[in-house]
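Worth knowing before you read on, the calculation uses all heavy atoms, side chains too, and leaves out hydrogens, waters and symmetry mates.
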Amino acid sequence: MKKRNTVAFTFLAWTAFITALLAMFIGIYTLDASLPVKGYYAVGTLYLTMSAFVLQKTIRDNEEDTAHERKYDKAEEEL
């Protein structure tokens with residue numbers, strides 16, 4: 001089976017993600033605010049990151065399920 005992404009593109013995607021997340025936490029760390037405010041921003045960042053992964057996986061899985069259903073329906077019609 002052919003892979004959808006090259007190794008270079010996968011590396012680029014992970015590097016961009018880690019750089020953005022690291023920059024966000026450096027910004028929170030250097031923020032001139034109290035610890036509870038920094039904690040609120042940190043937890044919000046982690047929650048947003050986790051929910052983005054879950055949303056992306058859900059959308060991908062739903063699209064793949066739809067493609068499989070179409071393929072199954074087409075094969076069923078041919079019978």
Shared ILVMFWY cluster between Tyr47 and Tyr41, side chains joined below 4.5 angstrom?
no
Working to the nearest 0.5 Å, report the span between NZ of Lys38 and CG of Leu31.
6.0 Å
Quick one: closest heavy-atom pair of Met24 and Thr45, and the distance?
CE-OG1, 3.3 Å
For residues Thr19 and Thr15, report the shortest heavy-atom separation together with the two atoms involved.
OG1-O, 2.7 Å
With clusters defined by side-chain heavy atoms of hydrophobic residues (ILVMFWY) lying less than 4.5 Å apart, directly or transitively, does Leu55 cluster with Leu21?
no
Apply the test ring pair (Phe, Tyr, Trp, His ring centres under 6.0 Å) to residues Phe53 and Phe17: give CA-CA distance (whole Å), side-chain angles for both, the deciding distance (0.1 Å), then the verdict.
CA-CA 11 Å; Phe53 275 109; Phe17 170 73; 5.2 Å; yes
Are Trp14 and Leu46 connected into the same hydrophobic cluster when the rule is that any two of I, L, V, M, F, W, Y join if their side-chain heavy atoms are below 4.5 Å apart?
yes
Quick one: do Glu63 and Lys57 make a salt bridge, cutoff under 4.0 Å?
no
Rounded to the nearest 0.5 angstrom, the CZ-CG distance for Arg60 and Asp65 is 10.5 Å
